[in-house]
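So the structure is just underneath, and the comments pick up after that.
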There are 2 protein chains.
Amino acid sequence: MTTIRDVAKKAGVSVATVSRYLNDSGYVSGDAAKAVAAAVKELKYELNPVARSLNTKKTNLIGLIVPDITNPFFPELARAVEDVALTYGYTVILCNSDENPEKEKNYLETLKKKYIDGFIVTSNQLDAPHYANMALPIVALDRAINEHIPTVASNNREGAAIGTRVLLERNCKKILFLRGPEELNPANDRYEGFMDAIRDAGVDYQIVVCPFHFADSEKIVDEVLREHKDIDGIFASSDVSAAGALKAASKLGINVPDELQVVGFDGIAMGAMLTPGLTTVAQDVYKMGAIATRVLIKRIENQVEEQHFFEVPVQLKIRGTTRSVEK
Amino acid sequence: MTTIRDVAKKAGVSVATVSRYLNDSGYVSGDAAKAVAAAVKELKYELNPVARSLNTKKTNLIGLIVPDITNPFFPELARAVEDVALTYGYTVILCNSDENPEKEKNYLETLKKKYIDGFIVTSNQLDAPHYANMALPIVALDRAINEHIPTVASNNREGAAIGTRVLLERNCKKILFLRGPEELNPANDRYEGFMDAIRDAGVDYQIVVCPFHFADSEKIVDEVLREHKDIDGIFASSDVSAAGALKAASKLGINVPDELQVVGFDGIAMGAMLTPGLTTVAQDVYKMGAIATRVLIKRIENQVEEQHFFEVPVQLKIRGTTRSVEK
DNA sequence: ATATTCTGTGTAACCGGTTACACATTCGGA
DNA sequence: TCCGAATGTGTAACCGGTTACACAGAATAT
């Protein structure tokens, strides 16, 4: 393995000059630069990033902490993070937290020791002490907002209002809202948005808490639909629970969209694959990931950025689980 | 930051003794061990992994190279890899290759410089020179087999035969096989398996090449079904293309499973969410990832392991896109 | 009793970079 | 002409560990 000292010797300069040349820092004369460049080329020298990291305490590594990459919301996020990171010369470490604070903390600490440069985090624990004491750049995604930590999120509230209006405009008379877990910020924002739209609509509605989980949702919706035959619209706080609702309806022989219209939230790829295709309020997940990564890297590289909250607009995708609007 | 020298001073021993104690290597007397342990505790000493890596050229980092984490096959794989890696104290770096040899090569080289310990790779380029010269532990997943690289894969051929027989047993008279891309090994194995089962079945069949992509599949199947109204069974080489087929059938007003039965391959979560639920030959993706990770770590830690090929059995999941067997 | 091996420890080089600081020259301005 | 600033370079300490090697005393073998 050829080292910086080999290069220095070959080029007839000191290691300091070689290092300055390589990092484009301090003064290096044209002659010296040329000599070093030649030596580097001839010796096929490649800088050892680990040795550099030991000094600089930087690694060009960023951590992505998600609850579970298996949840269809996150792969696209991961993809965006990785794409943008690569552009800036960073590499991504994937961490599944299972929403478990211990696991999160463990990752945070282990990787910090390894001189990781920063984290992108999807977590509900952002106010926990291990985040406060991190002293490492962090960007929060989708979840909790903390005044010290920049956050990227969809306009969940407005999106939910939009989704609800889709059902109202299509003459739903009794709407079931599948509210997400109460400990999830975005789920609560969506609840607010639903209320914004339904409050003065003069339409009957019902709210049921339902995890973002297919089988659970199917079961819950099945029970509700059996009990309340007059429900003719469902707004689900996630596409996965919307899929569960569709399954339940299908098993009960309820025709979608003729007897029951369904709107989801998220915009995961699966929505288009269902039959009928799922009408949904789509988040621009890729964009969220890309923004979060850029913001993080800016922080890592000490470029000031006063903006703290980044809202990514949501996009309505009308597909087959809702009818066309009657005039 | 407290260093090993601080600990040595506090414990009244040399840094070598401390290092030996920490690594459980060489001789350390009971007294010395006790003194060091006390000093470590008192000073809250934590070893610096970067400094260690500079010497050992090991980092407890492994790379996971997948074509695209967004493809529903891979998140579960990634999850398995991460879970098992964590168990052994390793961390996972996620790399999307887009099947692009340049990108792959780039990741391989960049991370090798960072002293990454090994790779788990899903790639068709495994015979490319940059793999041969790696001199780093690698385990291949799902794709190409190379005699130097341990491989973990499903029994694709047998699985495809099983899937085909599902249609045969249910009296399909004309079967459409959606063959996967010809440059993909597993797709070819599935083709062989289909042929194994269909060859002497005395049933009409047709083969169409179809990428593992929803919209493309929908389009292709739509065309084929329009042309050949007598097709009453489809075996798709992937669940995603099966979903496309279902969509096409639905748009053409063909009832599944009464007029047309469909079987997929992969077992991704989406299959259960479709209506009707997709009958499929499920791969145990999690297990594949787990095995691959264990094999890789064994190699990294120089534990010999003569076995080179690990086959993971496939599991048939009968759901609603096929009828019950007539007696 | 002597040779050999095992146990235990410390010194210092090494992994491969970065950078503070000292020093020398050159140049522009007063 | 003199001085301070700008330019350019090298030495050596430093980042925080690991480990080869030398050495010493105790245990075992002959």
Side-chain angles (χ1 to χ4, degrees), chain A residues 1-40 43-61 89 110-117 301-302, chain B residues 1-40 43-61 89 110-117 301-302:
Chain A
M1 165 145 287
T2 94
T3 75
I4 197 173
R5 289 168 226 271
D6 301 329
V7 175
K9 188 173 289 178
K10 186 92 181 183
V13 299
S14 73
V15 292
T17 299
V18 176
S19 181
R20 276 182 218 114
Y21 168 81
L22 294 172
N23 294 291
D24 200 15
S25 70
Y27 298 109
V28 178
S29 68
D31 285 357
K34 236 167 264 174
V36 173
V40 164
L43 299 174
K44 295 200 173 91
Y45 169 74
E46 293 183 309
L47 188 143
N48 180 323
V50 178
R52 169 181 278 174
S53 292
L54 186 55
N55 280 282
T56 60
K57 304 190 191 315
K58 300 224 171 306
T59 50
N60 280 34
L61 251 32
T110 308
L111 294 178
K112 188 180 177 185
K113 280 186 219 155
K114 292 199 183 198
Y115 292 157
I116 199 167
D117 293 346
E301 298 181 350
N302 290 319
Chain B
M1 163 144 292
T2 95
T3 75
I4 196 172
R5 290 169 225 271
D6 300 331
V7 175
K9 189 173 291 178
K10 186 94 180 180
V13 299
S14 72
V15 292
T17 299
V18 177
S19 181
R20 277 183 218 114
Y21 167 81
L22 293 172
N23 294 292
D24 201 15
S25 70
Y27 298 108
V28 178
S29 68
D31 285 357
K34 238 167 263 176
V36 174
V40 164
L43 299 174
K44 296 200 173 94
Y45 169 75
E46 294 183 310
L47 188 145
N48 181 321
V50 177
R52 169 180 278 176
S53 293
L54 185 55
N55 279 282
T56 61
K57 305 193 190 314
K58 299 225 171 307
T59 49
N60 279 34
L61 251 33
T110 308
L111 294 177
K112 188 180 177 186
K113 279 186 220 156
K114 292 199 182 197
Y115 291 157
I116 198 167
D117 293 345
E301 299 181 350
N302 290 318

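Lettering of chains follows the sequences in order, A, B, ..., and the numbering in each one begins at 1.
- If you find the closest nucleotide of DNA chain D to B:Arg5 and to A:Ser29, the one lying nearer the 5' end belongs to A:Ser29.
- Among the nucleotides C:dG16, D:dA6, D:dG10, the one closest to the side chain of A:Tyr27 is D:dA6.
- In the interface, the side chain of A:Arg20 is not paired with the base of D:dG8 through any donor and acceptor atom under 3.5 Å apart.
- As judged by a 4.0 angstrom heavy-atom cut-off over every strand, A:Gly12 is placed among residues touching the sugar-phosphate backbone only.
- Protein atom NZ of A:Lys114 is 16 Å distant from nucleotide atom C1' of D:dG16, rounded to whole Å.
- Closest heavy-atom contact between A:Pro49 and B:Lys114: CG-CG, 3.9 Å.
- At the phosphate of D:dG17, neither OP1 nor OP2 sits under 4.0 Å from any side-chain N or O atom of B:Ser19.
- Counting all heavy atoms, side chain and backbone alike, B:Ser14 lies closest to B:Ala8 at C-CB, 3.7 Å.
- A close approach under 4.0 Å does not occur between any side-chain nitrogen or oxygen of B:Thr3 and OP1 or OP2 of D:dG16.
- The separation between A:Leu43 atom CG and C:dG17 atom P is 12 Å, rounded to whole Å.
- When rounded to the nearest whole Å, the span between CD1 of A:Ile4 and P of D:dA13 equals 18 Å.
- Here the side chain of A:Ala16 is nearest to one of D:dT19, D:dT9, C:dT19, namely C:dT19.
- Of the two residues near DNA chain D, A:Val28 and A:Val15, the one whose nearest nucleotide lies more 5' is A:Val28.
- Rounded to a whole Å, the CG atom of A:Asn23 is 17 Å from the C1' atom of D:dG8.
- Using a 4.0 Å cut-off, no side-chain N or O of A:Thr17 falls inside it from OP1 or OP2 of D:dT9.
- Going from atom CG of A:Asp31 over to atom C1' of D:dG10 covers 17 Å, rounded to whole Å.
- Between the C1' atom of D:dG17 and the OH atom of B:Tyr115 lies a distance of 13 Å, rounded to the nearest Å.
- We find that CE of A:Met1 is positioned 17 Å from P of C:dC14, with the value rounded to whole Å.
- Shown here for A:Leu47 and B:Lys113, the closest heavy-atom pair between the two residues is O-CD, 4.2 Å.
- Non-hydrogen atoms lying under 4.0 Å from DNA chain C are contributed by B:Leu54, B:Asn55, B:Lys57, all within residues 45-59 of chain B.
- Separating the NZ atom of A:Lys9 from the P atom of D:dT11 is a distance of 12 Å, rounded to the nearest angstrom.
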